[in-house]
Amino acid sequence: MKILFLDQSGKLGGAELSLLDVASAFSPNCLVGIFQDGPFAEALAARQIPYQVLTQAPIQVNKDSGWADSLSSIGQVVPLVATIARLGRKYDLIYTNTSKALILGALASRLCGKPLVHHLRDIVSPEHFSAANRTLLITAANGCATHVIANSRATAAAFVAAGGNAKKVSVVYNGFLPQAYQTATESTLREDLGLGNRFVVGHFSRLAPWKGQHILIEALAHCPESVVALLVGDALFGEQDYVETLHRQVEQLGLNHRVKFLGFRSDIAQLMQACDLVVHTSTAPEPFGRVIVEAMLCQRPVIAAASGGTVELITHGETGWLCPPGQPQKLSDLICHSHRQPAQTQGIAQAGYHHALAHFTLETTQQALHQQLAQVVA
Ligand code: UDP
Ligand code: GLC
């Protein structure tokens, strides 16, 4: 099966990290077409997955854009669609991995007559998309996609609630390579980062308002001095104002000595293992939340914001803890509880680990995807 994958990003977000694993299973009989050069292209090259940067000018429409912005980007879109349609003729299937890729891939699939599968990794709701973009996305999926793969039941439900065709959608969870999260050597990261024997709470996510790093910082102010936070991740999509707000918040709360911003890192497993607890704090529904399963595979206890796909990953009090989103006081109560109850916390981390091993392996994900894509091609 020859697949043309399409992704709008040049950065390494969760959608792109997931696509690296999906595409590697079809490599070298595939091409990953991306709309921007950058770290994602480097990661594809490092894995020897064939890729091509399809345009030099990134498309200027974002998730909040209205119709006018969408229409004004037509000058960029037309040549890009033509390029995709020309490439598409050499493949059995076009597989789109992001929303802009869906819009362009949908038009191109019509032109070249090849089936389209969209991997929906976003919650199509007002918190995440403007009304105009929700309409565009749903129209493209309903009208042009043979099948839609959702990364969680929450993502699938939001798609249907927004008008998406329920008959086209199925759920395939993200999968992970367990051994990638087990490091053999004892790391010196805790000493290197000057963490000593403090209780280290890690947050692993791009810096963006809806990822809610500010909720953790506020929660930290309610925790004892011995609790410190590592914020791992950078603003990937222009959220520079939010980064400044976070630094100001840390300053104002007098938490400089208890919060470390580490920027974007590639040593996620080692960093997670250097933590006593991993927290996820999204304030809008999280479509899936790779970081939650990654922490489980690192045998670290997790607290996640209970909204979107996260409630499908964690059973509260058994395989992790769920916290109402946007509530720093509740988050701090859970952090303190975990700090005070090491035995229970250890049990939860172990249960989370076994749950992740049983339900979120790459092998299972690849089998499910392969089967669904083969059906579309047949
Ligand atoms: N990540 C990373 N380096 C960082 C911060 C995050 O590689 O500095 C990874 C993280 O391990 C996870 C992904 O980025 O695999 C984020 O995926 P998730 O589904 O949690 O959120 P998204 O950013 O896709 O909404
Ligand atoms: C998107 C979502 C994230 C999900 C990832 C991989 O980036 O925001 O929740 O885990 O895709 O499917």
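Atoms within each ligand, like the ligands themselves, are counted from 1 in listed order. What you are looking at is a predicted structure, and each value in this text was computed from that prediction instead of being measured. The chain is numbered in sequence order, starting from 1.
Side chain to side chain, Tyr173 and Glu312 meet the donor-acceptor criterion of an N or O pair below 3.5 Å. Side-chain polar atoms of Asn197 and Arg190 form no donor-acceptor pair below 3.5 angstrom.
Contact check for Leu216 versus Val201: side-chain heavy atoms found under the 4.5 Å cut-off. The shortest distance between side-chain heavy atoms of Ser27 and Gln48 does not fall below 4.5 Å. Looking at heavy atoms from C-beta onward, Leu116 lies out of side-chain contact with His147 at the 4.5 angstrom threshold. In this structure the side chain of Tyr95 reaches within 4.5 angstrom of the side chain of Leu373, judged on heavy atoms.
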For ligand 1, list all ligand N or O to protein N or O distances below 3.5 Å, rounded to 0.1 Å.
residue	atom	partner	partner atom	Å
ligand 1	3 (N)	Arg265	O	2.7
ligand 1	8 (O)	Arg265	N	2.8
ligand 1	11 (O)	Glu294	OE1	2.7
ligand 1	11 (O)	Glu294	OE2	3.4
ligand 1	15 (O)	Arg290	NE	2.9
ligand 1	15 (O)	Glu294	OE1	3.2
ligand 1	15 (O)	Glu294	OE2	2.8
ligand 1	19 (O)	Arg290	N	2.9
ligand 1	20 (O)	Arg290	N	3.2
ligand 1	20 (O)	Val291	N	3.3
ligand 1	21 (O)	Lys211	NZ	3.2
ligand 1	23 (O)	Arg206	NE	2.8
ligand 1	24 (O)	Gly14	N	2.9
ligand 1	25 (O)	Arg206	NH2	3.2
ligand 1	25 (O)	Lys211	NZ	2.8

Give one line per pair: atom of ligand 2, protein atom, distance. Only N/O to N/O under 3.5 Å.
residue	atom	partner	partner atom	Å
ligand 2	9 (O)	Glu286	OE2	2.4
ligand 2	9 (O)	Phe288	N	3.0
ligand 2	9 (O)	Gly289	N	3.1
ligand 2	10 (O)	Gly289	N	3.0
ligand 2	10 (O)	Arg290	N	3.4
ligand 2	12 (O)	Arg121	NH1	2.7
ligand 2	12 (O)	Asn151	ND2	3.0
ligand 2	12 (O)	Asn174	ND2	2.9

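Taking the six-membered ring for Trp and the full ring otherwise, the centers of Phe204 and His280 sit at least 6.0 Å from each other. Ring-centre distance between Tyr242 and His214: below the 6.0 Å cut-off. Here His247 and Phe261 bring their ring centres to under 6.0 angstrom of each other.
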